[in-house]
Amino acid sequence: MNQFEILTGSSEETFRFAEKLAQFLQPGDVIALEGDLGAGKTTFTKGLAKGLEIKKTVNSPTFTIIKEYQGKLPLYHMDVYRVEDSYEDLGFDEYFEGDGVTVVEWAHLIEEQLPEQILTIYLYHEEQDHRKIVLVPKGRRYEQLCKEIFK
Ligand SMILES: Nc1ncnc2c1ncn2[C@@H]1O[C@H](COP(=O)(O)OP(=O)(O)OP(=O)(O)O)[C@@H](O)[C@H]1O
Ligand SMILES: [Mg+2]
């Protein structure tokens with residue numbers, strides 16, 4: 001399987017990589033974020049938000065599941081860590097098919113409900129402030145996107 005990797009040495013570096021990635025995003029793009037507690041999923045999302053010119057502070061939406069932000073494109077930030085039942089239908093499709101970019105922290109918990117084409121980003125906690133970021137594109141749109149980012 002095609003995958004793309006980058007190592008970061010600080011939260012700022014992860015933030016900046018996400019900010020860069022945001023430049024390539026289009027309406028309807030869906031990103032799954034996977035990684036342990038504190039791996040950097042929310043840090044990554046904050047970088048995306050900056051890249052999408054969102055002025056509001058993006059926080060972890062742990063208790064709300066979905067938060068919406070307005071920017072160059074709308075950002076739908078989901079954290080499904082506390083979704084009780086993976087089949088619980090909270091209307092995710094409307095976001096995935098909407099005019100914005102959707103980012104889902106802990107996406108595998110709602111695996112059955114995710115779109116077929118998706119960009120999965122794994123964040124691996126290496127020692128201290130080091131993280132390995134692995135992008136796994138599923139579908140042509142995201143393969144193209146990864147190629148552009150890593151060009
Ligand atoms: N290279 C790095 N990339 C990202 N975050 C880093 C890095 N180095 C250190 N950190 C720190 O790790 C923490 C990551 O927290 P963050 O909330 O982004 O993780 P998370 O994956 O969203 O966690 P949770 O599962 O609790 O939602 C922050 O305190 C950040 O400063
Ligand atoms: Mg988080």
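Predicted, not measured: the structure shown is a model, and the values here were computed from it. Atoms within each ligand, like the ligands themselves, are counted from 1 in listed order.
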Counting backbone and side-chain atoms alike, is an N, O or S atom of T45 positioned under 2.8 Å from the Mg ion (ligand 2)?
no
Heavy-atom closest pair (I121 atom, I31 atom, distance to 0.1 Å) is CD1-CG2, 3.7 Å
L119, F150: one ILVMFWY side-chain cluster at the under-4.5 Å cut-off?
yes
Where do D93 and Q113 come nearest, in terms of heavy atoms and distance?
OD1-O, 4.0 Å
With atoms numbered from 1 as shown, which atoms in ligand 1 lie under 4.0 angstrom from a non-hydrogen atom of L37?
23 (O), 25 (O), 26 (O)
For atom 3 (N) of ligand 1, which candidate among L7, T14, T45, T43 holds the nearest heavy atom?
T14
Hydrophobic cluster membership, I54 vs F15, 4.5 Å side-chain cutoff
no
The Mg ion (ligand 2) to nearest N/O/S of D79 less than 2.8 Å
no
Result for side chain to side chain contact (heavy atoms under 4.5 Å, CB included) between V103 and one of T42, L48, L25 points to L48
What atoms in ligand 1 come closer than 4.0 Å to a heavy atom of W106?
25 (O)
Using 30° and 60° as the class limits, which term best fits the ring planes of Y69 and H77: parallel, tilted or perpendicular?
tilted
Over all heavy atoms of both residues, which pair between E5 and V134 is shortest? Give the atoms and the distance, please.
CG-CG2, 3.6 Å
N/O/S atom name from E105 that is nearest to the position of the Mg ion (ligand 2):
OE1
List the residues meeting side-chain hydrogen bond (donor to acceptor under 3.5 Å, both in side chains) with E34, not counting sequence neighbours, and say none if there are none.
H108
Go through ligand 1 atom by atom and flag the ones less than 4.0 Å from a non-hydrogen atom of E105.
22 (O), 27 (O)
Can you tell me if D36 contacts ligand 1 (heavy atom of the residue under 4.0 Å from the ligand)?
yes
Looking only at distance, does R131 have an N or O less than 3.5 Å from an N or O of ligand 1?
yes
Enumerated ligand 1 atoms positioned under 4.0 Å from heavy atoms of D129:
1 (N), 2 (C), 7 (C), 8 (N), 9 (C)
Option with minimal heavy-atom separation from atom 6 (C) of ligand 1, where the choices are G47, A39, S11:
S11
Under 4.0 Å, counting heavy atoms only: does F15 come that close to any atom of ligand 1?
no
Look at the side-chain heavy atoms of Ile, Leu, Val, Met, Phe, Trp and Tyr, link any pair under 4.5 Å apart, and say whether F4 and F24 land in one connected group.
yes
Would you indicate which of E12, E13, K41 comes nearest to atom 20 (P) of ligand 1 when only heavy atoms are counted?
K41
Within-cut-off N or O pair, G9 and ligand 1, under 3.5 Å
no
Is the contact between Y81 and ligand 1 made by the side chain, the backbone, both, or neither, using heavy atoms and a 4.0 Å cut-off?
neither
Region of T42 engaging ligand 1 - heavy atom pairs below 4.0 Å
both
Do T14 and T8 have side-chain N/O donor and acceptor atoms under 3.5 Å apart?
yes
